[in-house]
Amino acid sequence: MNLALNRSVQKGGCQVLGLNKYSIQQWLKTIDTIIYDGDGVLWKHDEVLDKAPETFNALRAMGKEAYICSNNSALSVAGICRKAQEMGFLVAKNEILSSGQTLARFMKEKKFKKKVYVVGGQGIIDELKLVGIESLPLDHPSLQGFSMMEHVPTIFLDPHVGAVVVGNDKDFNMIKLTKACCYLKDPDVMFVATNRDMAIPAAPGRLVPRAGVMVSAIQAASQRMPFTCGKPNPYMCIDLMRQGVIQPERTLIIGDTQHSRLETQYSLAMFKQTCSDLTKLPKQRVRQWLSSIESVICDADGVLWHFSKDIEGAVDTFNQLNATGRKTFIVSNNSEIARMDMVKKAKGFGIQIEEDCVLTSSYSCAYFLAEKKFQKKAFVMGEYGIHHELEQLGICSSKVSETLERPIHEFVADLKLDPDVGAVVVGRDEGFNMAKVVRAGTYLLNPSIIFLGTCLDAAYPIGNNRVIVGAAATLAAVKALTGRKPLVLGKPNPWMAAPLLQAGVIKPETTLMVGDTLETDIRFAANCEFQSLMVGSGVNSLKEVQKIIEEGDPKKMDLVPDTYLPSFGHLLEFLC
């Protein structure tokens, strides 16, 4: 290859079409093997692309080795080969590389002997079966009128499952998401993904979600990182390279997709980021510290109560703080219920509190739009609480209840959008499914439409390896489809405290935030420059904090609370 040609086709040059015919012919002589992507290069959905078979076959006739490398896990290798042959491509089964096949090979090399729970299609099950790995039958569950709180405890978890495998699944919904997360609560259960492709275009302004949307949702809810087998992981071609069948420097890959892939303030307090265990300090020192606290903001679930059961001593402590003249507030990322319902719930436990002293992520979103003088409709992917808070502040909202009853690319192409929608608000949604993800994502292809999220809560443990999936998964799915980053207005965003701070009701330096979750409650305290108290009655443990301190990563120090107690009830002895 001459110097000019070498410069023209150097990696990242993207200049081949600027060469003359002779130069392209000379360049092709340096290529022995061509690896083609399938969808978008050779065909689109089920339609062959113009001149693709002729070009493919002509290059084969020139002596080029040819492989089709596809992230499509809905079909097995045999299925992809049959599809290609029927479209006129001269290709054999051993010349097909698929993410499903690669996943099966990965599991086999790991000497995996247990069962697999599959979120995906039959193609994955077929490939696993070929290497002797048993999968649970594909399920298509629905809530059938039951709430997730009623349904989750009844979910059967097969004790023989040792891996959760995720590919593209048009029937993906909240139940499948929850079940996957329940399995992944066990750290010994593997989390493997076929690929992280997010979306493909179906029509102008329309996107079809792919496996990356499902993977992102499960990753966000389970807080587990999967091993991804498909492109861009070179593991797909590792066997060909090991066997010397292909030489990377003489191999051309033809594709249509470019694969590409956030810090905070510190709080000021007597015990700044020391996670001081108050039970091990002299009472007088703790009381001296408490005397500087004028306002207390408590997280709800995990601090005051756990779902429908109050946490021992928490109610008495909250009421005692209020009785001493301190301003007391409840803050929650739960967007499912309205603030007035949170007041009723608190009163049911014996806590007397006014609606103005309750902050929720749904109210935070509504307050944000109201401050922006938002005049259009908000499309909501979430529950009643969001709709109510929007309505209370004079903002119209809409939602849909729909399922996919036909091929997803047809559903996407025919989708009708409300032209009055100017914002998409996403929270935890028990009716989560791909139809809703597509609708929300399609609105968001318009960059002028505001994208809000209630919170990034992953999942709430309810015991016995069961979890209730949070809003993080719903948001991750929409984000993965659109590539847009939502403005998340629940904890840890300091915007949650904006109504109190703007009105001068509280001062950061004399406010104590009490929480059970590092990523939301403690980080929220740091972002607002509140003092922080972590309690061990909820999501995170003292051991996790100690690990962060030992690692010494400055980017994680805002997760370290100022103080610690086993439960909020333990604070009562310092108030008496």
Side-chain angles (χ1 to χ4, degrees), residues 1-102 105 123 127 195 197 200-201 229-259:
M1 184 183 292
N2 61 42
L3 183 60
L5 181 59
N6 183 46
R7 285 174 177 165
S8 294
V9 296
Q10 61 184 308
K11 185 176 181 181
C14 197
Q15 297 173 11
V16 173
L17 291 178
L19 301 174
N20 58 45
K21 183 176 180 181
Y22 173 77
S23 296
I24 294 176
Q25 289 173 339
Q26 293 301 108
W27 169 64
L28 281 173
K29 288 180 180 179
T30 70
I31 304 297
D32 296 330
T33 306
I34 304 177
I35 300 176
Y36 303 81
D37 181 32
D39 211 324
V41 173
L42 303 178
W43 55 75
K44 188 172 182 180
H45 304 309
D46 294 323
E47 295 183 8
V48 65
L49 292 175
D50 187 39
K51 303 295 184 183
E54 294 87 344
T55 305
F56 182 97
N57 297 336
L59 287 165
R60 294 215 69 159
M62 292 171 57
K64 310 298 181 186
E65 296 290 331
Y67 295 89
I68 297 176
C69 183
S70 174
N71 271 351
N72 182 359
S73 61
L75 295 175
S76 63
V77 162
I80 295 172
C81 184
R82 185 165 53 250
K83 177 177 181 175
Q85 290 172 345
E86 290 172 352
M87 289 180 173
F89 297 96
L90 299 177
V91 66
K93 194 162 72 170
N94 65 348
E95 295 170 323
I96 304 293
L97 309 173
S98 81
S99 59
Q101 177 197 57
T102 305
R105 185 178 75 242
E127 293 297 341
N195 65 90
D197 293 3
I200 58 172
C229 296
K231 296 177 291 182
N233 193 335
Y235 189 76
M236 282 195 84
C237 298
I238 198 70
D239 271 4
L240 296 178
M241 290 189 283
R242 284 172 180 166
Q243 298 162 15
V245 174
I246 62 173
Q247 300 174 54
E249 69 276 10
R250 297 184 65 84
T251 300
L252 172 67
I253 295 181
I254 302 178
D256 68 317
T257 305
Q258 185 176 19
H259 290 273

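Basis for what follows: all heavy atoms, side chains included, without hydrogens, waters or symmetry-related copies.
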Practice problem: Please round to the nearest 0.5 Å and tell me the distance separating atom CG of L252 and atom CD of E65. | Solution: 14.0 Å

Quiz prompt | Backbone of P53 reached by a side-chain donor or acceptor of N57 within 3.5 Å | solution = yes

Exercise. With sequence neighbours left out, write down each residue that passes side-chain hydrogen bond (donor to acceptor under 3.5 Å, both in side chains) with K51, or none if nothing qualifies.
Key: none

Quiz item: Between CD of Q101 and CE of M236, what distance do you get to the nearest 0.5 Å?
Solution: 7.5 Å

Quiz item: Is any side-chain heavy atom of L97 closer than 4.5 Å to a side-chain heavy atom of L240?
Solution: yes

Quiz item: So how far is it from H45 NE2 to I200 CD1, rounded to the nearest 0.5 Å?
Solution: 4.5 Å

Exercise. Kindly give the heavy-atom pair with the smallest separation between C237 and I246, and that separation in Å.
Key: CB-CD1, 4.3 Å

Quiz item: Taking only residues two or more places apart in sequence, or in another chain, which ones meet K83 in a salt bridge (charged side-chain N to carboxylate O under 4.0 Å, His left out)?
Solution: D46

Quiz item: What closest approach, in Å, do Q85 and A92 show between heavy atoms, and which atom pair accounts for it?
Solution: NE2-CA, 4.4 Å

Quiz item: What distance do L49 atom CG and D39 atom CG have between them, rounded to the nearest 0.5 Å?
Solution: 8.0 Å

Quiz item: Between N71 (side chain) and N195 (backbone), is there a donor-acceptor pair under 3.5 Å?
Solution: no

Quiz item: Taking only residues two or more places apart in sequence, or in another chain, which ones meet E95 in a salt bridge (charged side-chain N to carboxylate O under 4.0 Å, His left out)?
Solution: R60

Quiz item: If every non-hydrogen atom of G40 is compared with every non-hydrogen atom of D256, which pair is closest and at what distance?
Solution: CA-OD2, 3.6 Å

Quiz prompt | From OG1 (T251) to CD1 (I31), nearest 0.5 Å | solution = 7.5 Å

Practice problem: For residues 53-86, pull every pair meeting ring pair (Phe, Tyr, Trp, His ring centres under 6.0 Å), keeping only residues two or more places apart or in separate chains. | Solution: Y36-F56, F56-F89

Quiz prompt | salt bridge (charged side-chain N to carboxylate O under 4.0 Å, His left out) against R250, all qualifying residues, sequence neighbours excluded | solution = D32

Exercise. State, yes or no, whether a side-chain contact exists between R82 and L75 at a heavy-atom distance under 4.5 Å.
Key: no

Self-check item: Pairing residues for D37 by the salt bridge (charged side-chain N to carboxylate O under 4.0 Å, His left out) criterion, not counting sequence neighbours
Solution: K231

Quiz prompt | Spatial distance of atom CD1 (I253) from atom OG1 (T33) [nearest 0.5 Å] | solution = 10.5 Å

Self-check item: Taking every non-hydrogen atom, the tightest pair across S73 and G100
Solution: CB-N, 4.5 Å

Practice problem: For S70, enumerate each residue passing the side chain to side chain contact (heavy atoms under 4.5 Å, CB included) test, keeping only those at least two apart in sequence or located in another chain. | Solution: N72, I80

Practice problem: Evaluate the side-chain proximity of T102 to R105: yes if any heavy-atom separation is below 4.5 Å, no if none is. | Solution: yes

